[in-house]
Structure formats: structure tokens, C-alpha cells
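Below, each value reflects all heavy atoms present in this structure, side chains not excepted, and no hydrogens, waters or symmetry copies. Predicted model, so just to flag it, every value in this text is computed and none were measured.
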Amino acid sequence: MTRILQIKTSIFLNQGWSSRLSDELVDVLKTKYDDAEIIVRDLAQNPIRHLDAPGFLAFLEKPENRSPGQQALVAASDTLVEELKSSDIVVIGLPLYNLDIPSTLKSWFDQISRAGVTFSFTEQGVKGLLSDRKVYLVATRGGIYSGTALDTQSAFVRNFFGLIGITDLEFIYAEGLNMGDEPQAAGLASARGHIARIRG
């Protein structure tokens, strides 16, 4: 069985371009892997807890010393970590909001980034503890940023996944979506062409 974890982050839910294009990609992957099991987590529709002091301290506390409240906080994080660990492929809808990733995705990053669980500190530096897997990032932008100094989003996402041991990332860009009909059509065609090539 091929388990595909789909993460949606668009504030426009299923109407957002990142959601629509990532759905198209998942449909392609379902035809490529006929045993696929799809797990969908919509972070805009069902936001997860932002990292705060109680949550961070719960992560640091020894399991046997955690209060019931701390146990609940850690259990919620454990669920997200297990979803990722048990996946073979991850598909993330990645809109660009104010030159950055959606805050809901940052919350997901913070909940799965845990010392001793998904990464560790060693004498040689930080070491990711997750096995590598394919991650597709469907990056949708109103303007054109890829390859420019303003595209700090791509580097941040790549660095974050590298922190936890995942380096096999593939970005699918749909840019110029708010620049008029022709740029939008060109941006969508580029992304859909990329998705078609994944079909093989």
C-alpha cells in the first residue's frame, strides 16, 4: 500500500488554487499507485494549535512527569508526527501569503519538529530522524517570484524538511495567478504540465 498524506493550507479551502492543483496531483498519483491510501489534513478548515510555551514545555517534560494537560498536547503532536512517518508520499498545497508560508503550515511544522522525535542534536550538528520520502509542494503565487530574492518561501521549506531528514522535495510552481488572464493561464498551464509529467 502507498500512503499519500495531503496537506491543504489555502484560506479559500478547496476553492484555492493550491488546493485545486494539489487535488489534481493526488488524482494523478492515485492512477500511478492503484493501491494508494489518501490521508487529507486541511489546516485551514481544521487549524492545529500554534506553538506556545505550554506546548513547548510539554515536549521537553519527561513522559512520566507530564500532567494530563501536557499529555494531551503531546498526543496531538504525536498524531501529526505519526501521519508523516507512516506516509510514503506527501503532497502540500503551498500558497504564498505576504511573501511567506501560511501560518497554519508553520504551526504544522512546529508541531512535528521535535528534538528526540524527528531530529536530534549531535556533536556534528542537527540530524534528521525521519527516513526520506517524496514530498511534492504545489506552490501557487499571485506574482512571479521563483528564482528571485523574494522567494524565501522555497528555501525555508527545503531547509525545514532537511532538518527532520527529508530531502526529496519537488516544487510545482503556478505563478502569475493574479496578474491577469494570460499570465494566469500560463502559470496554470506550467503547473499542469509539470503534474502531467509526474503521471509518466
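- At distances below 3.5 Å, at least one donor-acceptor pair connects side-chain atoms of Q71 with backbone N or O atoms of R66.
- In terms of heavy-atom proximity, L21 sits nearest to V138 at CB-CG1, 3.6 Å.
- The salt bridge (charged side-chain N to carboxylate O under 4.0 Å, His left out) test applied to D27 returns K30, not counting sequence neighbours.
- Between Y97 atom OH and S10 atom OG the span is 4.0 Å, to the nearest 0.5 Å.
- At least one donor-acceptor pair closer than 3.5 Å links the side chain of R133 to the backbone N or O of S131.
- Side-chain heavy atoms closer than 4.5 Å link hydrophobic residues (I, L, V, M, F, W, Y) into clusters, and following such links, even through other members, never connects L96 to I101.
- When all heavy atoms of R3 and S86 are compared, the pair lying nearest together is NH1-OG, 2.6 Å.
- A distance of 10.0 Å separates CG in L60 from CZ in R114, rounded to the nearest 0.5 Å.
- Atom CH2 of W108 is separated from atom OG of S77 by 11.0 Å, given to the nearest 0.5 angstrom.
- More than 12 heavy atoms of other shown residues, nucleotides or ligands fall within 6.0 angstrom of atom CD in E64.
- In this structure a side-chain-to-backbone donor-acceptor pair under 3.5 Å is present from S87 to L84.
- Of all the heavy atoms in P102 and T9, the pair that sits closest is CG-OG1, 3.5 Å.
- Distance alone, capped at 3.5 Å, is enough to place a donor-acceptor pair between the Q111 side chain and the R49 backbone.
- Note on L137: it clusters hydrophobically with L43, by side-chain heavy-atom contacts below 4.5 Å among ILVMFWY residues.
- Between V157 and L94, the closest side-chain pair of non-hydrogen atoms falls below 4.5 Å.
- Neither Y145 nor F171 shares a network with the other; the hydrophobic side chains, linked directly or stepwise wherever heavy atoms of I, L, V, M, F, W or Y lie under 4.5 Å apart, form separate groups for each.
- Rounded to the nearest 0.5 Å, atoms CD1 (I172) and OG1 (T140) are 11.5 Å apart.
- Other residues, nucleotides and ligands contribute over 12 non-hydrogen atoms within 6.0 Å of the CG atom of D35.
- Judged as a ring-ring contact (aromatic ring centres under 6.0 Å, His included), not a single pair has a partner in residues 41-95 (not counting sequence neighbours).
- Heavy atoms of other residues, nucleotides or ligands lying less than 6.0 angstrom from NZ of K127 number 12 at most.
- Neither I11 nor I92 shares a network with the other; the hydrophobic side chains, linked directly or stepwise wherever heavy atoms of I, L, V, M, F, W or Y lie under 4.5 Å apart, form separate groups for each.
- Both Y33 and V91 are assigned to one and the same hydrophobic cluster, defined by single-linkage of ILVMFWY side chains at heavy-atom distances under 4.5 Å.
- Between F156 and F109, the angle of the ring planes lies from 30° to 60°, which puts this pair in the tilted group.
- In this structure, the separation between CD1 on I7 and CD1 on I39 is 10.5 Å, given to the nearest 0.5 Å.
- Heavy-atom minimum distance, L177 versus Q184: O-NE2, 2.9 Å.
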Walk me through it: do S19 and N14 pass the test side chain to side chain donor-acceptor pair (under 3.5 Å)?
-> CA-CA 5 Å; S19 296; N14 287 330; 4.7 Å; no
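- In this structure, the side chain of R41 does not engage the main chain of L5 through any donor-acceptor pair within 3.5 Å.
- T31 places a side-chain N or O within donor-acceptor distance of the main-chain N or O of V28, the cut-off being under 3.5 Å.
- Taken to the nearest 0.5 Å, the CD1 atom of I112 stands 4.5 Å off from the CD1 atom of I164.
- Remark: the backbone N or O of S146 is paired with a side-chain donor or acceptor of E175 at under 3.5 angstrom.
- With hydrogens and angles ignored, the 3.5 Å screen pairs a side-chain donor or acceptor of N159 with a backbone N or O of A155.
- Considering only heavy atoms from C-beta on, D23 comes within 4.5 Å of Q6 through its side chain.
- Taking a cutoff of 4.0 Å between a charged side-chain nitrogen and a carboxylate oxygen, R141 and D151 qualify as a salt bridge.
- Of all the heavy atoms in P183 and M179, the pair that sits closest is CG-O, 3.5 Å.
- Annotation: side chain of S190 is not in contact with side chain of Y173 (no heavy-atom distance under 4.5 Å).
- Nearest heavy atoms, K134 versus E170: NZ-OE1, 2.9 Å.
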